[in-house]
Amino acid sequence: MELQHIVYGVSPKLSPAPSIPIGKQLFSLKPHSLLSSSHPSIQSQNFEVLSGAYYPINIAKRGGCYSSRRRVWCSSSRDIADPNEGHEVRTQVTGRRKKLAVFVSGGGSNFKSIHEASKRGSLHGDVIVLVTNKSECGGAEYARNNGIPVILFPKAKDESDGLCPNELVDTLRRLEVDFILLAGYLKLIPVELIRAYERSIFNIHPSLLPAFGGKGHYGMKVHKAVIASGARFSGPTIHYVDEHYDTGRILAQRVVPVLANDTAEELAARVLREEHQLYVEVVEALCEDRIVWRKDGVPLIRSKENPNETY
Ligand SMILES: Nc1nc2c(c(=O)[nH]1)N[C@@H](CN(C=O)c1ccc(C(=O)N[C@@H](CCC(=O)O)C(=O)O)cc1)CN2
Ligand SMILES: NCC(=O)N[C@@H]1O[C@H](COP(=O)([O-])[O-])[C@@H](O)[C@H]1O
């Protein structure tokens, strides 16, 4: 299928990496999207890890251990060491690194937080493509400056560039995207994408849903409505995305106080600080397969430190 859109960002790279025909140019993506040999996750391949039931672990570098700081749990390991005996214990996850698509419409600070977590190795995944409806927004600029391809969606009425929904689904599938993360994206995700990525599309909203959500509730409008309501608390919500705005299953929330003399900007900044931490925490759990579903359909996150605990 000839995709009638332009991929913005780095020029096609001559590399042995597979090339994805996208629009008018071939675009080469490195495996694990731009990981360098110094990337922590590459170094961690010195460790022995076996998949299996969760139990107290140590991941010992072949032929030795390190001074420990705390006992952590992981999927499994061949070597068990007691952290009290001075062995470093590192959290290691099994399975391949997940491939992430992030959707933005604005500055992209949540996108940057997620990308930085991936680069420092705390996130077992990589942002391999950015999708935006505003090709010149801050998030798209950041992506281009960091070698992440940018896709324009949806196709604007008066523009020839951009993808239609089925082309977007096809492109994300060809890129083998595992999870789609909305981060300040202001357009309705079409049902074609919802159906193609069941239980794999997430959004962060800057209020404690279900309050102050839905059509017309985005950006500063949300914080102004919270303050005008007299609510004493607010905070970010991360939820699954369904066909409607902000009605998907809630996965995580954090609470911040609304102070008596808060301006919308002050509240927005307080909420945004929590967003950056919460989204990274949730995406880490996604990439480590730590989401579990309660019998009544409520999704929960399995604790990294103690898999017997969920929240
Ligand atoms: N199918 C879904 N698509 C999207 C969801 C979702 O839950 N399901 N979340 C939004 C993000 N969002 C709140 O978190 C949100 C974004 C935008 C709007 C809104 O009212 N948009 C305006 C247009 C704004 C613009 O173009 O500048 C509108 O539709 O009239 C509400 C909530 C992302 N997509
Ligand atoms: N309803 C959607 C919505 O309002 N999303 C909000 O847009 C901001 C994007 O900031 P960022 O571009 O710096 O990540 C964030 O506060 C996010 O919660």
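Counting convention: from 1, in listed order, for ligands and their atoms alike. Values in this document were obtained by computation on a predicted structure and should not be read as measured data.
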Note: ligand 1 atoms sitting under 4.0 Å from heavy atoms of H217 are 31 (C), 32 (C)
Under 4.0 Å between a side-chain nitrogen and a carboxylate oxygen: does that hold for R290 and E281? no
At under 4.0 Å between heavy atoms, what of H239 touches ligand 1? The answer is side chain
Could you check whether any side-chain heavy atom of H239 comes within less than 4.5 Å of a side-chain heavy atom of L209, counting everything from C-beta outward? yes
Check: Do the side chain of S207 and the main chain of V222 share a donor and acceptor less than 3.5 angstrom apart?
Finding: no
Atom 5 (N) of ligand 2: of I204, V271, V222, the nearest heavy atom sits on I204
If you scan protein heavy atoms around atom 13 (O) of ligand 2, the nearest is S109 OG, 2.5 Å
(request) Could you tell me whether the side chain of T310 and the main chain of L300 form a donor-acceptor pair under 3.5 Å? (result) no
closest protein heavy atom to atom 3 (C) of ligand 2 is P206 CD, 3.6 Å
Of all protein heavy atoms, the one nearest atom 7 (O) of ligand 2 is G184 CA, 3.6 Å
Atom 20 (O) of ligand 1: closest protein heavy atom, distance to 0.1 Å, is G216 N, 2.6 Å
| Are any side-chain N or O atoms of D246 and backbone N or O atoms of G214, one a donor and one an acceptor, separated by less than 3.5 Å? | yes
D289 and K98 ion-paired at < 4.0 Å:
yes
Is it the case that the side chain of D296 and the backbone of V298 share a donor-acceptor pair, with hydrogens and angles ignored and the cut-off at 3.5 Å? yes
**Asked** Would you call the rings of F153 and F103 parallel, tilted or perpendicular, where under 30° means parallel and over 60° means perpendicular?
**Response** perpendicular
Are L251 and V271 connected into the same hydrophobic cluster when the rule is that any two of I, L, V, M, F, W, Y join if their side-chain heavy atoms are below 4.5 Å apart?
no
If we number the atoms of ligand 1 from 1 as shown, the ones under 4.0 Å from a heavy atom of V241 are 1 (N), 2 (C), 6 (C), 8 (N)
query = So, N306 side chain and N308 main chain: donor-acceptor pair closer than 3.5 Å or not?
reply = yes
Say whether, by atom type as modelled, one donor and one acceptor occur between the side chain of S118 and the main chain of G125 under 3.5 angstrom.
yes
Item to check | Check ion pair E243-R195 (N to O, under 4.0 angstrom) | outcome: yes
protein heavy-atom neighbour closest to atom 30 (O) of ligand 1 works out as K215 NZ, 2.8 Å
Note: heavy atom closest to atom 24 (C) of ligand 1, options Y218, Y240, F212, F103, belongs to Y218
Note to self: Under a 3.5 Å distance rule, please check whether Y197 uses its side chain to pair with a backbone N or O of V177 as donor and acceptor.
What the structure shows: yes
The answer for which part of L272 has a heavy atom under 4.0 Å from ligand 2 is side chain
Exercise for the section: Consider only side-chain N and O atoms of H276 and S109, and report whether a donor and an acceptor are under 3.5 Å apart. Expected result: yes
among protein heavy atoms, the one nearest atom 13 (C) of ligand 1 is D246 OD1, 3.0 Å
H217 heavy atoms within 4.0 Å reach ligand 2 at atoms 1 (N)
Among non-hydrogen protein atoms, atom 31 (C) of ligand 1 lies closest to G214 O, 3.5 Å
The answer for which part of D242 has a heavy atom under 4.0 Å from ligand 1 is backbone
In this structure, atom 3 (N) of ligand 1 is nearest to the protein heavy atom I189 N, 2.9 Å
Q. Taking N or O atoms only and a 3.5 Å limit, does N203 qualify as a polar contact for ligand 2?
A. no
Test of proximity, Y185 against ligand 2: N or O pairs below 3.5 Å:
no
In ligand 2, the atoms that come under 4.0 Å of a heavy atom of G107 are 12 (O)
To atom 4 (O) of ligand 2, the nearest of C137, P236, A269, G219 on a heavy-atom basis is G219
When distances are taken from atom 14 (O) of ligand 1, the protein heavy atom at minimum range is N203 ND2, 2.7 Å
closest protein heavy atom to atom 12 (O) of ligand 2 is G108 N, 2.8 Å
In this structure, atom 26 (O) of ligand 1 is nearest to the protein heavy atom K187 NZ, 2.9 Å
Ranked by distance from atom 6 (C) of ligand 1, the top protein heavy atom is H244 O, 3.3 Å
> Under a 4.0 Å N-O cut-off, is there an ion pair linking R144 with E141?
Replying inline: yes
Contact region, L188 to ligand 1, non-hydrogen atoms below 4.0 Å, reads both
Nearest non-hydrogen protein atom to atom 17 (C) of ligand 2, with distance, is E275 OE1, 3.3 Å
Is it the case that the side chains of N110 and E275 hold a donor-acceptor pair, with the cut-off being a distance below 3.5 Å and no angle test? yes
- Does the N or O separation between Y185 and ligand 1 drop below 3.5 Å for any pair? no
So the atoms of ligand 2 within less than 4.0 Å of a heavy atom of Y218 turn out to be 1 (N), 4 (O)
The atoms of ligand 1 lying under 4.0 Å from a heavy atom of H205, numbered in the order shown, are 13 (C), 14 (O)
Original post:
Y245 side chain to G213 main-chain N or O, any donor-acceptor pair under 3.5 Å?
Top reply: no
